[in-house]
Amino acid sequence: MMAVNRQVARHSYRVCTGLYRPLSRSSSVSTVQKVLVRPPQDVPGAEGQAEFSRAGIGGFFQERPMLKNPFLEDALLQGYLRRHLPSEAVYSDLHVFGERLVREVDGWGRECEVTPPRLVTYDPWGCRVDRIVTSPAWQRMKDLSAQEGLVAIGYERSYGEWSRVYQMCKLYLYSPSSGLYTCPLAMTDGAAKVIQSLGVSWPVADAFSRLTSRDPEHFWTSGQWMTERRGGSDVGNGTETVALPQSDGTYRLSGFKWFTSATDADMTLTLARVTDVDGQTTSGSRGLSMFYAAVRDEQGMVQGIEVQRLKDKLGTRQMPTAELLLDGLPAHRLSEEGRGVACIANMLTVSRIHNSVSAVAGMRRVLQLARDYATRRSAFGKLLRDHPLHMQTLARMEVETRGAFLLVMEVCRLIGREETGHASQLETHLLRLLTPVAKLYTGKQAIAVISEGLESFGGQGYIEDTGLPAMLRDAQVLSIWEGTTNVLSLDVLRCVSRSSGLVLQAYFTHTQSLLAAASLPSLSVAVRSVDSALSGLREFLQAAALKPPGFMELAARDLAYSLARIYMGALLIDHASWEGASQSDAYAALRWCEQDLCAVVSKAAIGSYNMKTPPLDAALVYEESTRD
């Protein structure tokens, strides 16, 4: 009897697949024997195989969507590069990289998702080690990042002012398959940018060479430890970490960092307040300085750091994010004392651009998968691609993705020109304005487009082991990290104020020049739409100057959205006007311009920014029940 039990258990899957109903593990031997001698009626006969002879669930299984070379599948990316960076070497590199993504890297990304990092606080002998264990795939991502030059390309500048565009195009292909490794790369790039802007010298010369290296053995990643418990974006008032000067000119940092993403990094840049001889610090932003610290000592052990716990997050689970207690962390001050916030401006610019690239990359990837799935899935007698409503939905997603791509690439172009000394004053102003605009708008776009994309797979879009839900979970961070939508909308207002309106002047001038260069009659409707929205925005801003101070704060989010939509419309028109453009480029521009491009004007017309609304909004939000 035991031998029979073992035999049945060993072959339980094979036996069960021949039944209309599965057998539970508790099924008796007699039951199994009865089923074996009395098989279902659909056993194959002389006429051939019956439909359900192999499984009670039937023989149909839906084909999964297939990931193909993301470079070859992206007509807009190829067209953009043909127009602006027609290099055979770049094309070949992105082509080969796309094949590698499909062949091996995408699988690594999935491994990072299903094997999240874990914290080992103590070794077997009770010694505190604070070791973060990540999957082997996470380490392979680090090696690949070095080999492929995902940071290095931006600093080698082999393609001059277009090097940043090349780098970000490669990251755009990589991001959806990266298992979120693009997050440490964003902070690494930001750290390299800060060090370069301050001057590459001791004590960070070696660190800079490592951050920008193509050698996996030499390559480092950097953290960015800014957020503390009292404040997220408000680092000026929320930073409590102190820096105690040492006799050798270094510092020891003590404090608590609430969010430290990619905590397994090799080094970090962080903010702290220098203590004076009496142990006192200066409050506010004026008291903050920037510091560089190596995370581990020569033996590979963390120094002056205790990892309190890893964060349990909605998404980005592939990447370790931790709470850290800094207890005498050795560090070097990089900024002038009290100039830490000014120093992180370059870091924020770069990391916000990376965030925007990841946003549009996620949109493109879900579209590529949905497009492929529409050729494989049939419903109501025909393929999804043959249902006009389904194609309309995907087309709307495509238009959003194209507008986002061109906006992000424009910001990449501008930073490339600035870094190589080619940027005009107008372009410098544009970069300052468009960086927060692109980050806030594409972050929101990504959530909406990826959510719509999951819906295109029906119920399978909701099933965890397809890998599709992770795309939406991970997208949610894009509107939060490096400034929420409201924080960045207010940053746009500060940008306007601090430049005395010059950033807006640059915006109007350049947008108008893009429209003036569009000569195709087929685009005339789109040109008129953008031009009308631009005129309406100009009139709104002139009228807003006479309003109470709180008026523009209420309008800030809609203003930022309007700046994004108008400029994206102009970029789509511009791209559709070049000689190598396709009919789809023109159609995308026309479709984009069908929407309300200047929501701030529409909302102002109905009194949305009336100064009577704030107390009414508060009363609505905090209304209490009147029931006893």
Side-chain angles (χ1 to χ4, degrees), residues 403 406-407 410-411 414 423-441 444 483 485-518 523-574 589 592-617:
L406 291 176
L407 176 60
E410 173 72 353
V411 177
L414 291 170
S424 64
Q425 189 175 40
L426 180 146
E427 289 172 321
T428 301
H429 287 315
L430 266 181
L431 176 63
R432 177 66 184 91
L433 177 67
L434 292 179
T435 299
V437 166
K439 191 276 179 186
L440 72 87
Y441 196 76
K444 286 294 192 184
T485 307
N486 283 350
V487 166
L488 290 176
S489 297
L490 295 175
D491 187 43
V492 170
L493 293 187
R494 283 192 296 272
C495 172
V496 172
S497 176
R498 290 174 180 173
S499 70
S500 300
L502 290 176
V503 294
L504 285 177
Q505 184 178 329
Y507 173 88
F508 283 110
T509 299
H510 188 63
T511 306
Q512 200 65 59
S513 71
L514 291 174
L515 297 179
L523 294 171
S524 60
V525 173
V527 171
R528 286 197 300 271
S529 179
V530 174
D531 188 55
S532 175
L534 197 63
S535 298
L537 179 61
R538 193 192 302 272
E539 293 171 4
F540 166 82
L541 291 169
Q542 290 170 348
L546 305 176
K547 299 290 185 180
F551 178 86
M552 283 304 294
E553 181 175 345
L554 289 176
R557 180 186 280 233
D558 291 329
L559 171 63
Y561 283 13
S562 299
L563 290 169
R565 289 173 184 163
I566 292 170
Y567 200 74
M568 291 158 92
L571 291 172
L572 284 162
I573 290 169
D574 175 66
W592 178 267
C593 295
E594 290 172 355
Q595 66 180 306
D596 182 0
L597 297 177
C598 197
V600 73
V601 170
S602 305
K603 296 289 183 66
I606 59 175
S608 295
Y609 317 127
N610 188 304
M611 294 310 296
K612 296 178 180 179
T613 60
L616 296 175
D617 289 341

Closest heavy-atom pair, Leu514 versus Ala570, reported as atoms and distance to 0.1 Å, is CD1-CB, 3.9 Å
Taking every non-hydrogen atom, the tightest pair across Ala560 and Leu440
CB-CD2, 3.7 Å
By salt bridge (Lys or Arg N to Asp or Glu O under 4.0 Å), which residues pair with Arg498, not counting sequence neighbours?
none
Shortest non-hydrogen contact from Val487 toward Gly483:
CG1-CA, 4.2 Å
Contacts under 3.5 angstrom, residues 540-547 side chains, donor-acceptor by atom type, not counting sequence neighbours:
none

Could you measure the distance from the CZ atom of Arg538 to the CZ atom of Phe508? Nearest 0.5 Å is fine.
5.0 Å
Does the side chain of Leu406 come within less than 4.5 Å of Met568's, by heavy atoms?
no
Would you check if Val530 and Cys593 make a side-chain contact, meaning some heavy-atom pair closer than 4.5 Å?
yes
Test of understanding: with side-chain hydrogen bond (donor to acceptor under 3.5 Å, both in side chains), list the residues that count as partners of Ser532, not counting sequence neighbours.
none
Closest non-hydrogen atom pair, Leu407 against Tyr567:
CD1-CD2, 3.9 Å
Listed pairs under 3.5 Å, donor-acceptor, residues 488-496 side chains, sequence neighbours left out:
residue, atom, partner, partner atom, Å
Ser489, OG, Thr485, O, 2.7
Asp491, OD1, Arg432, NH2, 3.3
Asp491, OD2, Arg352, NH1, 3.4

From Arg528 CZ over to Leu515 CG, what is the distance, rounded to the nearest 0.5 angstrom?
12.5 Å
For Asn610, enumerate each residue passing the side-chain hydrogen bond (donor to acceptor under 3.5 Å, both in side chains) test, keeping only those at least two apart in sequence or located in another chain.
none
Between Leu537 and Cys598, what is the shortest heavy-atom contact and its length?
CB-SG, 3.8 Å
For Tyr507, is there any backbone N or O sitting under 3.5 Å from a side-chain donor or acceptor partner on Thr511?
yes
Between Pro614 and Leu554, is there a side-chain heavy-atom distance shorter than 4.5 Å?
yes
For Asp558, all residues meeting salt bridge (Lys or Arg N to Asp or Glu O under 4.0 Å), sequence neighbours excluded
Lys603
Using modelled atom types and a 3.5 Å cut-off, is there a donor and acceptor pairing between side-chain atoms of Ser529 and backbone atoms of Ala526?
no
Rounded to the nearest 0.5 Å, what separates atom CG in Leu563 from atom CG in Leu504?
6.5 Å
Would you please name every residue forming a side chain to side chain contact (heavy atoms under 4.5 Å, CB included) with Ala518, sequence neighbours left out?
Val527, Ile573, Ser577
Does Tyr441 have Arg565 sitting over its ring (NZ/CZ under 6.0 Å from centre, angle to axis within 45°)?
no
Residues in salt bridge (Lys or Arg N to Asp or Glu O under 4.0 Å) contact with Glu594, at least two apart in sequence or another chain
Arg591
So, using side-chain hydrogen bond (donor to acceptor under 3.5 Å, both in side chains) as the criterion, who are the partners of Asp596 when residues are at least two apart?
Ser602
Who passes side chain to side chain contact (heavy atoms under 4.5 Å, CB included) against Glu539, sequence neighbours left out?
none
Hits for side-chain hydrogen bond (donor to acceptor under 3.5 Å, both in side chains) against Gln512, two or more places apart or cross-chain, chain-then-number order -> Asp531
With sequence neighbours excluded, residues passing salt bridge (Lys or Arg N to Asp or Glu O under 4.0 Å) with Glu410
Arg413
Short question: side chain of Thr435, backbone of Leu431 - any donor-acceptor pair under 3.5 Å?
yes
How far apart are the closest heavy atoms of Val600 and Ser562, and which atoms are they?
N-OG, 3.1 Å
CD (Gln595) with more than 12 external heavy atoms under 6.0 Å
yes
Interatomic distance, OH@Tyr609 vs CG@Leu559, rounded to 0.5 Å, equals 8.5 Å
